[in-house]
Amino acid sequence: MERKEEIIDGLRRKQVTIRANLKISKFKNRKGDTMEIVGATFPVPRNYLDRILNEGKNVFVKPATLRIRPGMKIIFYASREDQGFHGEAEVESVEYFTSVDEIMKKYKDGLFLTPEELRKYERDRARWHSRGRKPRPWMVVVLRNIRKYPNIVKPKRFIAVSGRYVRESEYREILKKAGL
């Protein structure tokens with residue numbers, strides 16, 4: 001794990017870059033049982049999802065809600081229209097930022113959102129976060145081995161905006177239903 005701390009315009013910025021080849025992570029659930037996690041799934045509006053799966057955009061941005069590590073899978077769930085799992089990618093690296101300007105400066109060409117869409121996302125997010133609590137940092141996930149599923153797979157459980165972890169057994173089931 002590599003940690004960096006910089007002071008820009010009088011503000012302290014912490015950036016954490018994690019690079020490792022972890023394919024399965026083990027977490028303990030509320031009951032204390034160990035779960036084997038292979039990845040996570042996040043809802044993405046269909047028109048933005050096409051940019052990742054068809055147009056080659058490889059940088060996914062979201063407020064940090066789950067612990068994502070390199071080597072894990074991100075399974076993309078199309079929200080709103082044409083709902084279901086449409087594809088997946090492997091996590092190459094994860095970074096955390098406090099400002100969208102820093103993200104745009106570093107990843108401008110690879111971002112799946114345009115600068116205007118990312119700024120709008122930031123404004124909308126300001127309305128969502130709980131009062132009195134510090135907003136979560138932005139999680140920037142660089143993706144590799146992006147692939148679109150031949151068949152759309154309907155999830156068994158609800159996918160919240162914050163996303164959720166995907167266990168190994170569920171992942172195998174998704175691949176089977178997707179025709180892979």
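Numbers here simply count residues along the sequence, with the first being 1.
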Asker: Keeping S162 on the side-chain end and T65 on the backbone end, is there a donor-acceptor pair under 3.5 Å?
Answerer: no

Asker: Taking 4.0 angstrom as the limit, do E173 and K177 come out as a salt bridge?
Answerer: yes

Asker: State whether R167 and E36 are salt-bridged, where the test is any N-O pair (Lys NZ or Arg NE/NH1/NH2 against Asp/Glu carboxylate O) under 4.0 Å.
Answerer: no

Asker: Is any side-chain heavy atom of K106 closer than 4.5 Å to one of E95?
Answerer: yes

Asker: Check the pair K120 / E116 against salt bridge (Lys or Arg N to Asp or Glu O under 4.0 Å), numbers first and verdict last.
Answerer: CA-CA 6 Å; K120 183 181 182 313; E116 297 79 32; over 6 Å; no

Asker: Is any side-chain heavy atom of E88 less than 4.5 Å from a side-chain heavy atom of L175?
Answerer: yes

Asker: Look at R51 together with E117 and state whether they make a salt bridge at an N to O cut-off of under 4.0 Å.
Answerer: yes

Asker: For L66 and G163, work out which heavy atoms get closest and say how close.
Answerer: CD1-C, 3.8 Å

Asker: Strictly distance-based, threshold 3.5 Å: is any side-chain N or O of K154 a donor or acceptor partner for the main-chain N or O of Q83?
Answerer: yes

Asker: Kindly give the heavy-atom pair with the smallest separation between V153 and I174, and that separation in Å.
Answerer: CG2-O, 3.7 Å

Asker: Going hydrophobic residue to hydrophobic residue with side-chain gaps under 4.5 angstrom, can you get from I152 over to L53?
Answerer: no

Asker: Heavy-atom distance under 4.5 Å between the side chains of Y149 and H86, does that happen here?
Answerer: no

Asker: Do the charged groups of D109 and K57 touch, with an N to O distance under 4.0 Å?
Answerer: no

Asker: Can you tell me which residue among Y48, F42, F85, F60 is in a ring pair (Phe, Tyr, Trp, His ring centres under 6.0 Å) with F76?
Answerer: F60

Asker: Yes or no on salt bridge (Lys or Arg N to Asp or Glu O under 4.0 Å) for E170 and R164, after CA distance, side-chain angles and deciding distance?
Answerer: CA-CA 12 Å; E170 182 183 6; R164 68 173 171 80; 3.0 Å; yes

Asker: Salt bridge check, K105 against D101: does any charged N sit closer than 4.0 Å to a carboxylate O?
Answerer: no

